[in-house]
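Numbers restart at 1 for each chain; the letters A, B, ... are given by sequence-line order, proteins then strands.
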2 protein chains.
Amino acid sequence: MTVDGAQLWTLNQRLLSVVMDACTEELADLGLETKEFFVLAEVAASPYPAEIAAALLLPKASVTVYVRNLVAKGFIRREIDDADLRRHRLVLTTEGAEARDRALAALAAEYDRRLARITPQDRSELQRILQEMLTSPA
Amino acid sequence: MTVDGAQLWTLNQRLLSVVMDACTEELADLGLETKEFFVLAEVAASPYPAEIAAALLLPKASVTVYVRNLVAKGFIRREIDDADLRRHRLVLTTEGAEARDRALAALAAEYDRRLARITPQDRSELQRILQEMLTSPA
DNA sequence: CTGTATTAGTTCCAAATTGTACCAGTAGGC
DNA sequence: GCCTACTGGTACAATTTGGAACTAATACAG
């Protein structure tokens with residue numbers, strides 16, 4: 001079971017990498033770097049930089065950079081939080097929401113596509129292991 | 001379905017990040033940086049730097065760096081490939097194989113543990129979506 | 001009120017990452 | 001053989017990333 005866990009983890013990891021890599025160009029067309037996209041996609045759920053950093057396990061300093069870029073590109077706006085003047089409440093612009101939705105759609109499409117396209121062995125292995133893991137919870 | 005694909009991707013992505021993050025310290029105890037671990041775990045399947053770069057979607061220059069570190073730590077050895085003198089055939093040392101196995105075990109344990117521990121909503125959502133995706137292939 | 005501790009966000013700069021240019025070796029045409 | 005095109009790996013420079021120190025604002029004890 002330990003070995004299977006490792007295989008599962010590896011396969012899953014690889015699948016996500018491949019999907020992300022395949023979408024990099026599409027994201028670039030939308031004007032988004034990979035990391036910027038992660039931040040953009042998180043803004044609605046976590047409207048403050050500190051929250052984003054915690055949610056995405058990114059250093060605060062990095063979030064500062066990505067937020068700056070996203071603001072410069074017009075995808076988000078900073079507003080001062082009246083309740084706490086230290087906070088920068090982040091707001092999606094119309095363009096930002098649209099770019100995010102397109103990006104997520106591209107990612108989802110690629111994910112589905114790849115799952116059907118990875119090596120048959122890898123795929124059935126992934127399916128078997130996920131199934132097993134999900135049907136016999138610890 | 002597009003939305004679900006995006007949710008699935010996001011949840012999965014987050015789960016893997018959290019697992020990796022949780023294991024970082026354990027890997028460090030084994031003497032491994034995260035990226036180095038990826039390379040170490042790939043050596044058996046892809047014994048040449050160029051193969052590793054292709055498999056892990058890493059730049060060749062980065063693989064050079066990680067391989068150098070792994071060699072310095074005594075986890076792998078470079079051998080010249082008699083059939084092609086440009087190639088560096090990479091060989092796991094005993095210590096390397098052991099470190100890799102320990103690292104994979106740690107990762108697997110953490111993965112199982114986290115799957116049982118993420119937010120109940122997140123978890124059932126993940127389960128539902130994965131199930132759906134896997135039982136109705138495109 | 002003050003004083004102390006904590007938090008949000010940024011800046012600074014060292015460290016990690018990676019694009020590009022490079023050299024060595026291989027493959028194949030002629 | 002020679003020449004050209006290509007591949008494997010590395011080195012160096014330029015960019016990106018992130019730890020630590022910093023400033024501003026809040027919280028809350030006394």
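- Look at CD on A:Glu51: it is 13 Å from C1' on C:dT7, rounded to the nearest Å.
- Here B:Ser62 reaches the OP1 or OP2 of C:dT18: one of its side-chain N or O atoms lies under 4.0 Å away.
- Distance A:Asp84 CG to D:dA25 P: 10 Å, rounded to the nearest Å.
- Residues A:Arg14 and B:Glu42 are paired through a salt bridge, judged by an N-O separation under 4.0 Å between the basic side chain and the carboxylate.
- A:Arg78 comes within contact range of the sugar-phosphate backbone alone, with a heavy-atom separation under 4.0 Å but no base atom that close.
- An OP1 or OP2 oxygen of C:dT10 is reached within less than 4.0 angstrom by a side-chain nitrogen or oxygen of A:Thr64.
- Cluster membership for A:Tyr48 and A:Ile76, using ILVMFWY side-chain heavy atoms within less than 4.5 angstrom, is not shared.
- One atom, CZ of A:Arg87, and another, P of D:dA25, lie 15 Å apart when rounded to the nearest Å.
- Per the geometry, CG belonging to B:Asp82 stands 17 Å off P belonging to D:dG8, to the nearest Å.
- Atom-to-atom distance recorded for B:Phe37:CZ and B:Leu30:CG is 9.5 Å, nearest 0.5 angstrom.
- A straight line from CG of B:Asn69 to C1' of D:dG9 spans 16 Å, rounded to a whole angstrom.
- Note on A:Tyr48: every side-chain N or O is 4.0 Å or more away from OP1 and OP2 of C:dT7.
- Rounded to a whole Å, the NZ atom of A:Lys60 is 13 Å from the P atom of D:dA21.
- No donor-acceptor contact under 3.5 Å links the side chain of A:Arg86 to the base of D:dT26.
- In this model, the phosphate group of C:dA16 is not approached by any side-chain N or O of B:Tyr66 to a distance below 4.0 Å at OP1 or OP2.
- Take the nearest nucleotide of DNA chain D for B:Ala50 and for A:Lys35: the residue whose nucleotide is more 5' is B:Ala50.
- Residues B:His88 and A:Glu33 each lie close to DNA chain D; by heavy-atom proximity, the contact nearer the 5' end of the strand is made by B:His88.
- Of the options B:Asp81, B:Asp82, B:Asp84, a salt bridge (charged side-chain N to carboxylate O under 4.0 Å, His left out) to B:Arg89 is made by B:Asp81 and by none of the others.
- We find that CG of B:Leu90 is positioned 12 Å from C1' of D:dG8, with the value rounded to whole Å.
- Separating the CG atom of B:Leu58 from the P atom of C:dA16 is a distance of 16 Å, rounded to the nearest angstrom.
- Among the atoms of the strands shown, base atoms are found under 4.0 Å from some heavy atom of B:Val65.
- Phosphate contact (OP1/OP2 of D:dG9, side-chain N/O of B:Arg68, threshold under 4.0 Å): absent.
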Run the side chain to side chain contact (heavy atoms under 4.5 Å, CB included) test on B:Leu92 and B:Leu40 for me, step by step, so that the C-alpha distance in whole Å, both residues' side-chain angles and the decisive distance to 0.1 Å come before the verdict. CA-CA 8 Å; B:Leu92 279 171; B:Leu40 181 64; 3.4 Å; yes
